[in-house]
There are 2 protein chains.
Amino acid sequence: MSVKTRSKESPEMYLKSIYQLGETDDLVAISALAAHLSISPVSATEMIHRMVSRKLVQHIPYKGIRLTEKGRKQALAVIRRHRLWERFLTDRLGLPWERVHDVACQLEHAAGPEVTEALAADLGYPRKCPHGNPIPTAEGEMPDPEGINLLELTPGEMARVEVIQPEDTEILEHLSSRGLALGVELQVIEIAPFDGPRTLSIGDRKVVIGKEMASCITVQPVSI
Amino acid sequence: MSVKTRSKESPEMYLKSIYQLGETDDLVAISALAAHLSISPVSATEMIHRMVSRKLVQHIPYKGIRLTEKGRKQALAVIRRHRLWERFLTDRLGLPWERVHDVACQLEHAAGPEVTEALAADLGYPRKCPHGNPIPTAEGEMPDPEGINLLELTPGEMARVEVIQPEDTEILEHLSSRGLALGVELQVIEIAPFDGPRTLSIGDRKVVIGKEMASCITVQPVSI
DNA sequence: CCTTAATTTAAGGTTTACCTTATAATAATC
DNA sequence: GATTATTATAAGGTAAACCTTAAATTAAGG
Ligand SMILES: [Mn+2]
Ligand SMILES: [Mn+2]
Ligand SMILES: [Mn+2]
Ligand SMILES: [Mn+2]
């Protein structure tokens, strides 16, 4: 048998976080990483040292960290597994898209390339996760995301929902309960003064969502 | 996010081992458990203490251990998940039955009841794993295994393969390469003197397998 | 009943991944 | 250039799972 549990889970979660934070800024502050992972900066620094010695990240003291090519490849592999499992959970098992993230966050650490690619094949090589995020290719390429933030729309404009971002069950269920989901077409009816809550028209329904919630949604404008 | 990795993996592997060893003997010796898990008896004892405090096992010093009702339920849940994931890997992803065990041994620790039951439903509530072992029910019942060991057959008898037991890739690939698989019909042609190797007829092929390998196979006799 | 073998406990170690509370070093700003 | 805020390191701790070696305890057989 053999138990010998030295789980790859934590380092893989660090890789994912660093990748995601690195999409906006080239160098990621360890404090930002620590906040993102809800751990203390000291603990994060400790782990970064371990990951530096494994050549997964590069650390420029007082500046920040950045994934090495090896780290980037591994991060993308984890993200690929995560999003493929999400698709599996929604497409094959019929679980709600608002709730698959946490399970996928466990499964993503459990299977190697053989299983991952068999899964991808079975799912028909999907290109996006159930929240609209692109699935990295087996070769380690991350497709460019498309669309603009809902906040950028002006009253009267119509758009289709492309991505619903922070994959937090609470937020997703809130949005889902208001009729927001991938592919839904909406129109901005009104923006309250001082960049306030948006009133949207979805189907025959009018919903009001705050600025915070609106910023979670990426859309593709459509002509009227 | 939150990493906070306190994986349930090790305790769950202990539960599975204790359950399996407990099928033959009521009380399981910690030394037997340690050997089964390839860990030292001292480490096993330590873990048993933790599991006793969690009311998963009962320990009768110098006699052995036994699962509590709570422990038995959890063990069966893990075994159910394991065997369902095995079915998924073979039936849905087309992976060879000789090689799905190790992956399932990772996946079994990753998903809760919601996913497990959705998976069971998707697979059509299978009753056996790809190696012929019964899948415990969601209610925590273990179906009785059927069949007799291949060693008990006498020359001339015909039988159908029902279970192939120690789920070790090496062994399974060895047997598979010799044409042995679930559902295969065979006839015992000859047993070498002193309870030696068996010569079997499988289809139009004659194969010789040692006593050790033969003992891995459970069969259902069929009339000629 | 006594010796032997199995079992348990004690003691001390390791690694990973977390924690807190300092203190030191550097970067950025006034 | 001195002050302030951020970042890093040092020091000491915890908990889970593993390890080894050695001593104590108990069960079982002769
Ligand atoms: Mn994860
Ligand atoms: Mn997603
Ligand atoms: Mn396992
Ligand atoms: Mn099996």
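Lettering of chains follows the sequences in order, A, B, ..., and the numbering in each one begins at 1.
Place A:E46 and B:K63 on DNA chain D by their nearest nucleotides, and A:E46 ends up nearer the 5' end.
Note on ring orientation: taking the six-membered ring where Trp is involved, the planes of B:H101 and B:H131 are perpendicular (angle over 60°, cut-offs 30° and 60°).
Between the C1' atom of C:dT16 and the CD atom of A:E12 lies a distance of 15 Å, rounded to the nearest Å. For the pair B:M47 CE and C:dT8 P, the computed distance is 16 Å after rounding to whole Å. Residue A:I30 contributes atom CD1, which lies 17 Å from atom C1' of D:dA5 at whole-angstrom precision. Taking atom CG of residue B:L37 and atom P of nucleotide D:dA17, one finds them 13 Å apart after rounding to whole Å. To the nearest angstrom, C1' of C:dC19 lies 11 Å from CD1 of A:I39. To the nearest angstrom, P of C:dT8 lies 11 Å from CD1 of B:I60. Rounded to whole angstrom, the span from the CG atom of A:L56 across to the C1' atom of C:dT16 amounts to 15 Å.
Residues B:E170 and B:H174 have side chains that never bring a donor and an acceptor to within less than 3.5 angstrom of each other.
Set against D:dC18, D:dT7, C:dA17, the side chain of A:P11 has C:dA17 as its closest nucleotide. The B:H59 side chain lies nearest to C:dT8 when the options are C:dT16, D:dT9, C:dT8. Each of D:dT7, D:dT20, D:dA17 was ranked by its minimum atom distance to the side chain of B:S10; first place goes to D:dA17. Distance from the side chain of B:A29 is smallest for C:dT7 among the nucleotides D:dA10, C:dT7, C:dT16.
Contact of the B:N133 side chain with the B:E167 side chain is registered, since non-hydrogen atoms from C-beta on lie closer than 4.5 Å.
Between B:V103 and A:A111, the closest heavy-atom pair is CG1-CB, 4.5 Å.
Residue-to-nucleotide contacts include no donor-acceptor pair under 3.5 Å from the side chain of A:Y62 to the base of D:dT6.
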